[in-house]
Protein chains: 2
Amino acid sequence: MLDLPASGKKSRSEFIAEQLEEAVIKGAIPAGSRFDETSIAAQFGVSRTPVREALHILCGRGLAEREPYKGVVVTQISAQRIDEMFEAMAELEATCGRLSSHRMTMSERAALESMHREMNALAEEGDCVGYNEINTRFHDLLFQGSRNSDLIAAAQTLRLKLAPFRKYQLKDKGRLKRSCNEHQQIVDAILDQSPKAAENALRRHLVSAAQEVLLKRQRQEDEVAKATVLDKV
Amino acid sequence: MLDLPASGKKSRSEFIAEQLEEAVIKGAIPAGSRFDETSIAAQFGVSRTPVREALHILCGRGLAEREPYKGVVVTQISAQRIDEMFEAMAELEATCGRLSSHRMTMSERAALESMHREMNALAEEGDCVGYNEINTRFHDLLFQGSRNSDLIAAAQTLRLKLAPFRKYQLKDKGRLKRSCNEHQQIVDAILDQSPKAAENALRRHLVSAAQEVLLKRQRQEDEVAKATVLDKV
DNA sequence: TTTGACTAAATTATATACAAGCCCCGGTAT
DNA sequence: ATACCGGGGCTTGTATATAATTTAGTCAAA
């Protein structure tokens with residue numbers, strides 16, 4: 001039984017929703033598996049009511065799907081869907097970048113460059129965890145720079161849905177350095193206030209991120225398949 | 001007490017969510033007003049439970065917001081936010097149009113053109129209701145043509161949020177005809193498979209839609225303000 | 001052996017009961 | 001007169017009980 005919020009502002013439903021969301025994003029709850037209301041309620045030491053409300057929230061965010069009298073399952077996503085999601089993400093980020101290139105404040109531009117320098121250092125050290133953290137803030141700043149809450153919201157929604165697959169990415173030093181090079185193009189475009197260059201740089205960056213994820217995922221699935229066959233023999 | 005679904009597939013929560021959504025979109029429930037769980041439950045002749053679930057769904061779609069122990073209120077949207085929403089919508093539609101220009105099938109292109117011709121006729125007659133209906137399908141087809149479910153989802157989410165303001169638009173024959181002219185540019189671009197032209201045409205179309213909505217809204221608010229002042233005197 | 005209907009168990013959906021937090025309103029003191 | 005501070009009422013949040021629906025499993029008949 002997990003701890004409930006000491007006496008936080010949030011209701012239990014929201015707390016549970018956050019916990020479940022994190023579990024889905026981290027891959028702790030595999031895609032396609034069903035949420036059992038009773039057992040989740042037991043885990044958190046609450047009744048089924050707040051659990052149900054939490055599941056509604058997850059569905060709203062597209063992380064799970066609900067079918068009447070059948071339950072809520074973690075959204076299953078095919079390779080083709082991942083491809084689509086990256087394409088959409090690329091377009092959204094490209095749009096944000098284009099707008100950011102001439103809307104960001106001086107201090108935002110400076111922050112972007114400073115994060116980039118920091119990521120360069122982390123890439124050199126091969127610190128994937130640190131890199132990922134700054135990377136998230138880097139991209140988030142690009143969204144914010146667009147000065148459009150609806151674009152930001154759309155981008156973040158999609159980013160959330162892609163989160164479970166991010167684990168396949170940015171895990172080796174080689175990829176980190178390539179990512180840095182791509183970021184260099186983005187930073188340059190923003191500093192130059194060049195919308196077209198920013199748009200292009202972000203599209204390219206997302207293309208290579210997509211490739212990375214899809215290849216790694218494919219490789220892992222192949223291994224699983226091979227292992228399964230071996231088991232049967 | 002309203003009728004519940006005869007014996008439909010949907011659960012009561014979903015049914016209620018749809019009804020409330022429609023009410024919000026039509027403006028029957030003004031922005032900023034609070035949903036009273038008890039009275040809504042009474043109206044539909046159900047308990048509070050499905051009403052609460054419906055409200056969660058509304059919140060998920062961004063039509064309402066929840067604050068713990070205070071209730072759920074219809075999302076309040078300022079003129080500036082409307083402006084942002086139209087900007088985001090313009091970028092999303094432009095992106096969809098760009099992709100559609102070279103991804104649509106022949107029959108989709110034909111359908112687009114045929115809808116356009118039909119709208120031309122309706123504009124001539126001044127049939128606003130008919131025009132609006134086809135117009136929705138016209139834009140929806142443009143989304144679908146992008147072949148990207150995430151872009152489609154993002155576009156439709158935003159479209160839903162903009163829906164309450166659509167009532168300020170496409171109400172006089174003049175605007176209908178201008179809209180038609182803009183559609184002509186879009187259709188031409190799609191038929192020519194010209195991504196850049198499609199993108200531009202859609203941005204322009206959305207700019208003028210935004211202007212229409214914002215102007216009409218401003219005018220109406222001014223009238224309300226004037227009336228209020230007169231009341232006080 | 002397979003198909004089909006039917007029953008029972010499990011799970012979700014809804015209703016109802018209870019607890020907790022917010023808000024207004026009046027009282028009191030400065 | 002005004003600012004501060006409980007208390008009561010109302011609304012939301014949570015728990016539990018009941019109804020509706022699906023699914024799995026059994027047994028009979030083709």
Side-chain angles (χ1 to χ4, degrees), chain A residues 1-21 23-24 29-61 63-76, chain B residues 1-21 23-24 29-61 63-76:
Chain A
M1 164 167 158
L2 298 175
D3 283 348
L4 283 176
S7 66
K9 283 282 175 193
K10 295 184 276 282
S11 62
R12 300 183 189 194
S13 322
E14 278 183 65
F15 176 78
I16 293 169
E18 279 179 25
Q19 297 290 317
L20 292 179
E21 180 178 309
V24 170
I29 304 176
S33 63
R34 206 179 102 266
F35 288 102
D36 184 67
E37 297 179 357
T38 311
S39 72
I40 293 173
Q43 269 183 280
F44 284 94
V46 299
S47 80
R48 277 177 50 221
T49 310
V51 174
R52 280 180 65 80
E53 301 201 337
L55 292 179
H56 272 283
I57 294 172
L58 278 248
C59 290
R61 296 187 187 164
L63 291 173
E65 281 162 12
R66 149 177 252 102
E67 206 164 350
Y69 290 106
K70 285 199 183 171
V72 178
V73 300
V74 179
T75 307
Q76 191 119 30
Chain B
M1 165 168 158
L2 298 175
D3 282 347
L4 284 176
S7 65
K9 284 281 175 191
K10 294 184 278 280
S11 63
R12 299 182 189 194
S13 321
E14 278 182 66
F15 176 78
I16 293 169
E18 278 177 27
Q19 297 291 314
L20 293 179
E21 179 178 310
V24 170
I29 304 177
S33 63
R34 208 178 99 266
F35 288 103
D36 184 69
E37 297 178 357
T38 310
S39 72
I40 293 173
Q43 269 184 281
F44 285 95
V46 299
S47 80
R48 274 176 53 219
T49 310
V51 173
R52 282 179 63 80
E53 302 201 336
L55 291 179
H56 273 283
I57 294 172
L58 279 248
C59 290
R61 294 186 187 166
L63 291 173
E65 281 162 12
R66 166 181 297 278
E67 205 164 350
Y69 289 106
K70 286 196 183 172
V72 178
V73 300
V74 180
T75 307
Q76 191 119 30

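Residue numbers start from 1 in every chain, and the chains themselves are labelled A, B, ... in the order their sequence lines are given, proteins ahead of strands.
When heavy atoms are screened at a 4.0 angstrom cut-off, A:T38 is found touching no nucleic acid atom at all.
With hydrogens and angles ignored, no donor-acceptor pair under 3.5 angstrom links the side chain of B:R66 to the base of D:dG13. For B:R12 and C:dA15, a side-chain-to-base donor-acceptor distance below 3.5 Å is absent, hydrogens and geometry of angles not being considered. Judged by distance alone, with hydrogens and angles left aside, B:S11 brings no side-chain donor or acceptor close enough to the base of C:dA13 to form a pair under 3.5 Å.
Within the 4.5 Å cutoff, no side-chain heavy atoms of B:V74 are placed close to those of B:L63. Counting only heavy atoms from C-beta outward, the side chains of A:L55 and A:L20 approach each other to under 4.5 Å.
Atom-to-atom, CD of B:E37 to P of D:dC10 comes out at 16 Å; the value is rounded to the nearest Å. Rounded to an integer number of Å, the gap from A:F15 CZ to D:dT14 C1' is 16 Å. Summarising the geometry, the separation between CZ on A:F44 and C1' on D:dT14 is reported as 16 Å, rounded to the nearest angstrom. As a whole-Å value, the separation of B:H56 NE2 from C:dA13 C1' is 15 Å. Rounded to whole Å, the distance from CD on A:E53 to C1' on D:dT12 is 10 Å. Rounded to whole angstrom, the span from the CG atom of B:L55 across to the C1' atom of D:dG13 amounts to 13 Å. A:Y69 has its OH atom 6 Å from the C1' atom of D:dT21, to the nearest Å.
Distances from the side chain of B:K70 to the nucleotides D:dG13, C:dC23, C:dA13 place C:dC23 closest. When the nucleotides D:dT12, C:dT12, D:dA15 are ranked by their closest atom to the side chain of A:D36, C:dT12 comes out on top. Side-chain proximity of B:R48 to the nucleotides D:dT22, D:dG13, D:dT14 is greatest for D:dG13.
One finds a side-chain N or O of A:S47 lying less than 4.0 angstrom from the OP1 or OP2 phosphate oxygen of D:dA15. Contact annotation: A:R52 side-chain N/O to C:dA13 OP1/OP2 distance is under 4.0 Å. Side-chain N/O atoms of A:S13 include one lying less than 4.0 angstrom from OP1 or OP2 on D:dT14.
Using cut-offs of 30° and 60° for the angle between ring planes, the B:H56 and A:H56 rings count as parallel.
Note that CD1 of A:I29 and CD of A:E21 are 11.0 Å apart. Values are rounded to the nearest 0.5 Å. For the atom pair CZ of B:F44 and CZ of B:R12, the computed distance is 12.5 Å after rounding to the nearest 0.5 Å.
Residues B:R34 and B:T49 both approach DNA chain D. Their nearest nucleotides, taken by heavy-atom distance, put B:R34 toward the 5′ side.
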